[in-house]
Amino acid sequence: MSRKNPGELIDPDRRKSRFDLSRYIYLRKDSVQERVVNGIYFENPVFMLVLGMCPTLATTTSVTNAIGMGLSTTAILMMSNLFISLLRKIIPERMRMPSYIVIIASFVTIVDFLMQGFLPQMYESLGVYIPLIVVNCIIMGRAEAYAGKHGPLPSLADGLGMGLGFTVALIVVAAVRELLGSGTLAGFQVMPAAYEPISIFVLAPGAFLVLAMFVAVMNRLKIGAARREDEWDPTGKFVCGDCRSCPRVKGCGGKPAVEAAKGSQEGRR
Amino acid sequence: MNPKLQVSASPHTRGMMTTGKIMSLVIAALMPACVMGVLSFGLHALLVLVVSTASSVAAEYFYEKLLHKESTIRDGSAAVTGLLIGMNMPPQIDLWIPCLGSVFAIIVIKQLYGGLGKNFMNPALGARCFLLISFSAKMTTFTGGRGVWKLVTEVPATTDALSGATPLAYLKAGQTFDLKALLFGNCMGCIGEVSAIALLIGGIFLLTMRVIRIRIPGSYLGCFAVLTLITAIVRGYQDPVLYTLQQLCAGGLMLGAWFMATDYVTSPITARGQIVFGCALGFLTWVFRLIGSGAEGVSYSIIFMNLLVPVIEQYTRPVAAGMVRLNRENRRLMRQKKKEARRLKAAGKKEKDA
């Protein structure tokens with residue numbers, strides 16, 4: 001079993017889990033399709049990486065809001081990823097954070113004005129969350145983790161995948177909340193007229209409840225997949241689970257977590 | 001083999017009390033209040049209590065069946081949760097609302113966190129707050145009951161009497177209410193909270209059976225009473241003592257203090273912690289009832305303090321047998337030493353960086 005490149009999605013016969021999509025899909029690393037699938041499923045920013053919680057909790061009161069928020073974030077994410085990737089060799093290492101912020105803020109301002117001009121109703125209902133995309137950690141995170149190290153085309157695809165993953169997650173959460181909380185979907189009455197809306201779901205506690213349920217289900221799938229891939233080894237081979245979507249995989253190199261931890265402890269001494 | 005020579009991990013001696021016994025004692029203690037509620041509001045109230053209890057037990061049974069877990073409905077904790085939910089309902093509520101509340105309490109608040117003993121919040125109160133936020137109109141509408149006796153719903157000598165309002169609404173407006181009605185239950189309110197005497201009898205029964213201790217309800221009611229008395233005097237109400245007594249007897253305070261705040265799972269285990277917990281509850285209820293805009297605040301205070309229980313336990317951990325509690329001078333020295341060590345460490349780091 002190859003442990004050299006744990007970020008790869010190749011080697012289809014390693015995938016045994018029913019829920020692991022890579023069992024069915026064979027994709028080259030950093031190709032456009034791989035980035036999109038990765039963003040929507042394996043590294044879904046909301047359910048897997050648990051990033052961008054503030055807009056996820058706040059703007060998912062209706063499916064319409066979720067689509068608006070998701071697509072505007074996608075547009076900004078794609079453009080900022082593209083430009084950060086193009087400028088990655090010019091931006092000095094120590095100045096990269098401010099530079100990223102400036103790039104992201106420019107695109108957020110563009111989207112902000114465009115929405116104000118052409119979609120005033122949506123702009124009203126999303127309110128402060130459009131300007132707040134500047135500090136959305138998905139965008140910062142992708143700039144740091146991907147766009148700053150890869151070429152423009154994969155970065156653009158990464159932005160698309162992550163943005164779509166974010167949009168899908170928002171729509172899923174919003175659909176449940178809107179259906180239970182007001183009996184509608186994207187503004188259309190879906191539930192029968194006798195249905196009494198459980199209004200806690202459109203309020204803040206409902207957002208936490210629904211999101212937690214989804215994250216729990218995704219964790220179940222993720223942990224289940226990690227366990228089935230290799231047989232369970234109590235010595236700690238798979239203590240930390242999924243190397244593929246782990247941001248620290250560079251540090252441990254896919255080594256057993258216990259060994260990696262030991263190594264880092266010795267280093268500290 | 002001599003059983004005294006057996007080697008095993010602690011605990012070595014166990015009491016006769018089991019979860020099932022405790023829960024049946026709690027149900028027995030709740031019965032007087034239930035009877036008073038049903039007598040006050042009629043058969044529909046009885047139906048609400050039955051439905052909420054049954055749906056709670058059913059939710060527990062089916063969840064555990066579905067997940068292939070050992071069934072725990074026999075220990076009675078689900079029945080207590082369901083009964084408490086029913087007692088927290090207005091008498092004329094639609095039956096599906098307590099049913100939904102029971103399912104939410106058992107599945108979301110209790111079972112998803114691992115079942116009895118692992119829930120971080122009182123399931124019955126969590127469900128009450130869930131319903132209160134979701135169906136606030138239905139949960140706060142108290143329409144006339146058809147009980148055995150006539151309810152006292154109006155304050156004598158007021159012209160703008162609110163029809164069907166709970167005693168707390170009158171108290172909120174600074175008026176007084178008939179204390180006798182509050183004690184014996186012929187006034188408006190949730191099914192289980194109307195009769196303070198019945199709840200007190202239940203609480204004293206639990207005390208004498210050693211199911212609960214006086215620490216939490218005592219400090220809760222005491223702290224609340226003192227604060228309310230002071231407020232009543234400061235605000236210049238006619239009879240501060242009577243007002244305080246009415247605040248104590250009205251609403252869900254008795255039910256909450258004796259039966260919900262004392263839940264083993266969601267209250268501190270340390271003696272000092274229990275007193276801190278009770279006082280904080282009294283303070284919060286006072287804030288919600290007398291300072292805030294709402295009339296009732298018992299359920300929110302209890303679930304809020306439930307979340308702080310781990311912190312309270314951490315700070316009130318008793319000293320282990322044989323250890324010495326540090327006196328003030330020693331504590332000061334310890335702090336100084338720690339500070340010195342931190343300073344040295346920081347200085348060393350700075351040197352390294354330079």
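What you see below is based on every heavy atom in this structure, not just the backbone, and it leaves out hydrogens, waters and symmetry mates. First the proteins, then the strands, lettered A, B, ... as listed; each starts at 1.
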Legend entry - B:Phe304 CZ: over 12 foreign heavy atoms closer than 6.0 Å: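 Incorrect, the count does not exceed 12.
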Legend entry - Atom OH of A:Tyr123: over 12 foreign heavy atoms under 6.0 Å: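 It does: A:Tyr123 OH has more than 12 such atoms within range.
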Inset, instruction - Answer with side chain, backbone, both or neither: which region of B:Leu112 has an atom nearer than 4.5 Å to a non-hydrogen atom of chain A? - result: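 For B:Leu112, the side chain is the part near chain A, not the backbone.
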Inset, instruction - Under 4.5 Å heavy-atom distance to chain A, tell me which part of B:Leu132 shows up: side chain, backbone, both or neither. - result: neither
Inset, instruction - Using the six-membered ring wherever Trp is involved, compare the ring planes of B:Phe104 and B:Phe130 and label them parallel, tilted or perpendicular (cut-offs 30° and 60°). - result: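 Answer is parallel, since the angle falls under 30°.
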Legend entry - Separation of B:Leu281 CG from B:Leu308 CG (nearest 0.5 Å): 10.0 Å
Legend entry - Side chain, backbone, both or neither of A:Leu203 within contact of chain B (heavy atoms, under 4.5 Å):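 Answer is side chain: those atoms of A:Leu203 sit under 4.5 Å from chain B.
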